[in-house]
Amino acid sequence: MAPPADAPFLLACRNRAASRIPVWFMRQAGRSLPEYRQVRGKGSILDAVRDPDLATEITLQPVRRYGVDAAILYSDIVVPVASMGFGVDIAAGVGPVVERPFRDEADLDRLGAFDPEEACPWVQQTVRNLAVELGDVPLIGFAGAPFTVASYLVEGGPSRTLGKTKTLMLGRPDLWHRLLDRLADVAVAALRAQVEAGAAAVQLFDSWAGTLSPDVYERSVLPASAKVFAGIADLGVPDIHFGVTTGELLPLLAKAGAEVVGVDWRVPLDEARQRLGPDVAVQGNLDPAVCLAPWPAVEERARDVLARNGGRPGHIFNLGHGVLPETDPAVLERLVELVHGEPVVAR
Ligand code: CP3
């Protein structure tokens, strides 16, 4: 039931040559797909995630339509804290909202030990379903990195500046470290449960890490993310570390312990590889908004990404962030064809 070790996605994660350049898209399941809109139903995405049959179907939709090289579990980074009862929901068009945001020591008690079997058995059931349904296609499990999850818990919702988060980080470093340490344990438990249920790789989403300077990231965030990677190292599955506007942080994202670093479109891929060195694989990095343009422009930008990688092993083609809801699925279909048609250079 496990995908073969020579699946192109898994080989690329290991920085090894593969029979083709693997491609998948962050947020490949979701509002850009008519079949998603049809089955998703009303209510919070968290309700859909709690339904293993529905979550399985939604995860499979883009694999069927696009023939991508990996599936990503349909869930959300706030699922563990929400299922622990922290009082988190996801508002349509807004994102995660928190009833009583994290403020002080007493709130740590609301983040006790996280047992995935008890809190969210439906996630593991979805993963088990998918391990059967996907056959040779690897499933990517994921978790939110401590910093990005903390930012939602502290802000109470999406924020442009992360002012409250940075105030806590800089003003109460003791409490901050306890919060991040707790969230690292949550992420480790979530990822371990997903891998034990059949996920073949994992991605840690630290989407908002790029709001930090390198020195602050290294001091206040990296130790907790490193704890996550160390906590799953024995499982032996490839791990991907992703964030947005992380050009200045790329080497630190690798230093946290990941084999693959996600790169957004603001740094050209050749430059990213130079910053990361030859031992780190990369994932990215087409601007998602490019996919809204006419095909010739999409093709030109996609070929630029491929050319900048220059045929080196260890490249997983992806967007630099998630698929935008207004994206025409036909464009993503053609992108997969284009990437798969690219000759791989024997080395
Ligand atoms: O990539 C995938 O398709 C896998 C599933 C996935 C979702 N969220 C499903 C989802 C993953 C990996 C996430 C991660 C996630 N969630 C992140 C990190 C990645 C990133 O995008 O930077 C973050 C920051 C969140 C928090 C979150 N959840 C936001 C900001 C939103 C958007 C709110 C909105 O409605 O515009 C969500 C909701 C969400 N998560 C949707 C999906 C498919 C869309 C809502 C829906 O269909 O109801």
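Both counts, for ligands and for their atoms, begin at 1 and track the order of listing.
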### Message
Between Arg275 and Glu248 (salt bridge meaning N to carboxylate O under 4.0 Å), is one present in this structure?
### Response
yes
### Residue Ile45 vicinity, atoms of ligand 1 by number, heavy atom under 4.0 Å
9 (C), 10 (C), 39 (C), 40 (N), 41 (C), 42 (C), 48 (O)
### Message
Measuring from non-hydrogen atoms of His321 to any atom of ligand 1, is the shortest distance under 4.0 Å?
### Response
yes
### Query
Taking atom types as modelled and ignoring hydrogens, do the side chains of Asp287 and His321 form a donor-acceptor contact shorter than 3.5 angstrom?
no
### Message
Donor-acceptor pair, distance only, cut-off 3.5 Å: does the side chain of Arg103 make one with the backbone of Val154?
### Response
yes
### Query
For ligand 1, which atoms sit closer than 4.0 Å to a heavy atom of Gly93?
34 (C), 35 (O), 36 (O)
### Query
Any nitrogen or oxygen of Ile72, main chain or side chain, under 3.5 Å from a nitrogen or oxygen of ligand 1?
no
### Asp76 side chain vs Val79 backbone, donor-acceptor pair below 3.5 Å
no
### Query
Has the side chain of Ser225 got a donor or acceptor atom that lies under 3.5 Å from a matching backbone atom of Leu222?
no
### Task
Report the nearest protein non-hydrogen atom to atom 48 (O) of ligand 1: residue, atom name, distance rounded to 0.1 Å.
Arg40 NH2, 2.4 Å
### Task
Measure Met26 to ligand 1 on non-hydrogen atoms and call it side chain, backbone, both or neither using the 4.0 Å cut-off.
backbone
### Query
Is there any N or O on Tyr152 that sits under 3.5 Å from an N or O of ligand 1?
no
#### Entry: Taking atom 6 (C) of ligand 1 as the reference point, the nearest protein heavy atom with its distance
Ser75 O, 3.3 Å
### Query
Between Lys227 and Asp185, does a salt bridge (charged side-chain N to carboxylate O under 4.0 Å, His left out) hold up when you go through it step by step?
CA-CA 8 Å; Lys227 187 181 184 188; Asp185 292 340; 2.8 Å; yes
### Query
Can you find a side-chain donor-acceptor pair between Glu133 and Asn129 that sits under 3.5 Å?
no
### Message
Only heavy atoms of Ala92, strictly under 4.0 Å: list the atoms of ligand 1 that pass.
### Response
35 (O)
### Query
Got an N/O contact under 3.5 Å between Arg31 and ligand 1?
yes
#### Entry: Which segment of Gln28 sits under 4.0 Å of ligand 1 when only heavy atoms are counted
backbone
### Query
Less than 6.0 Å separating the ring centroids of Tyr74 and Tyr36?
yes
### Message
Which of the numbered atoms in ligand 1 are under 4.0 angstrom from any heavy atom belonging to Leu73?
### Response
4 (C), 5 (C)
#### Entry: Tyr36-ligand 1 polar pair, N/O distance under 3.5 Å
yes
#### Entry: Atoms of ligand 1 close to Ser207 [distance to a heavy atom under 4.0 angstrom, numbered from 1]
18 (C), 19 (C), 20 (C), 22 (O)
### Minimum-distance protein heavy atom relative to atom 11 (C) of ligand 1
Phe142 CZ, 3.6 Å
### Message
Under 4.0 Å between a side-chain nitrogen and a carboxylate oxygen: does that hold for Arg219 and Asp215?
### Response
no
### Message
Checking contacts here: is it the side chain or the backbone of Pro96 that comes within 4.0 Å of ligand 1, counting heavy atoms only? Could be both or neither.
### Response
side chain
#### Entry: His241/Phe229 under ring-ring contact (aromatic ring centres under 6.0 Å, His included): CA gap, chis, key distance, verdict
CA-CA 9 Å; His241 199 177; Phe229 288 111; 4.9 Å; yes
### Task
Identify, for atom 3 (O) of ligand 1, the protein heavy atom at the shortest distance, and state residue, atom and that distance.
Arg27 CA, 3.0 Å
### Query
When you check the gap from the basic side-chain N to the acidic O, do Asp270 and Arg273 get nearer than 4.0 Å?
no
### Query
N/O of Tyr74 under 3.5 Å from N/O of ligand 1, yes or no?
no
### Query
Does the side chain to side chain donor-acceptor pair (under 3.5 Å) test come out yes or no for Gln203 and Gln283, once each step is laid out?
CA-CA 11 Å; Gln203 178 156 328; Gln283 176 171 280; 3.1 Å; yes
### Task
Given side chain to side chain donor-acceptor pair (under 3.5 Å), test Glu117 with Gln124 step by step and report yes or no.
CA-CA 8 Å; Glu117 267 322 302; Gln124 290 81 249; 3.0 Å; yes
### Query
Based purely on interatomic distance, does Thr148 place a nitrogen or oxygen under 3.5 Å from a nitrogen or oxygen of ligand 1?
no
### Query
What is the closest protein heavy atom to atom 38 (C) of ligand 1, and at what distance does it sit?
Ile90 CG2, 3.7 Å
### Task
Give a yes/no on ligand 1: does Gly322 have at least one heavy atom closer than 4.0 angstrom to it?
no
#### Entry: atom 28 (N) of ligand 1 - nearest protein heavy atom and its distance
Asp76 OD1, 2.7 Å
### Query
When you measure from atom 23 (C) of ligand 1 to every protein heavy atom, which one gives the shortest distance, and what is it?
Ile77 CD1, 3.5 Å
#### Entry: Presence of salt bridge, Arg172 and Glu105, under 4.0 angstrom
yes
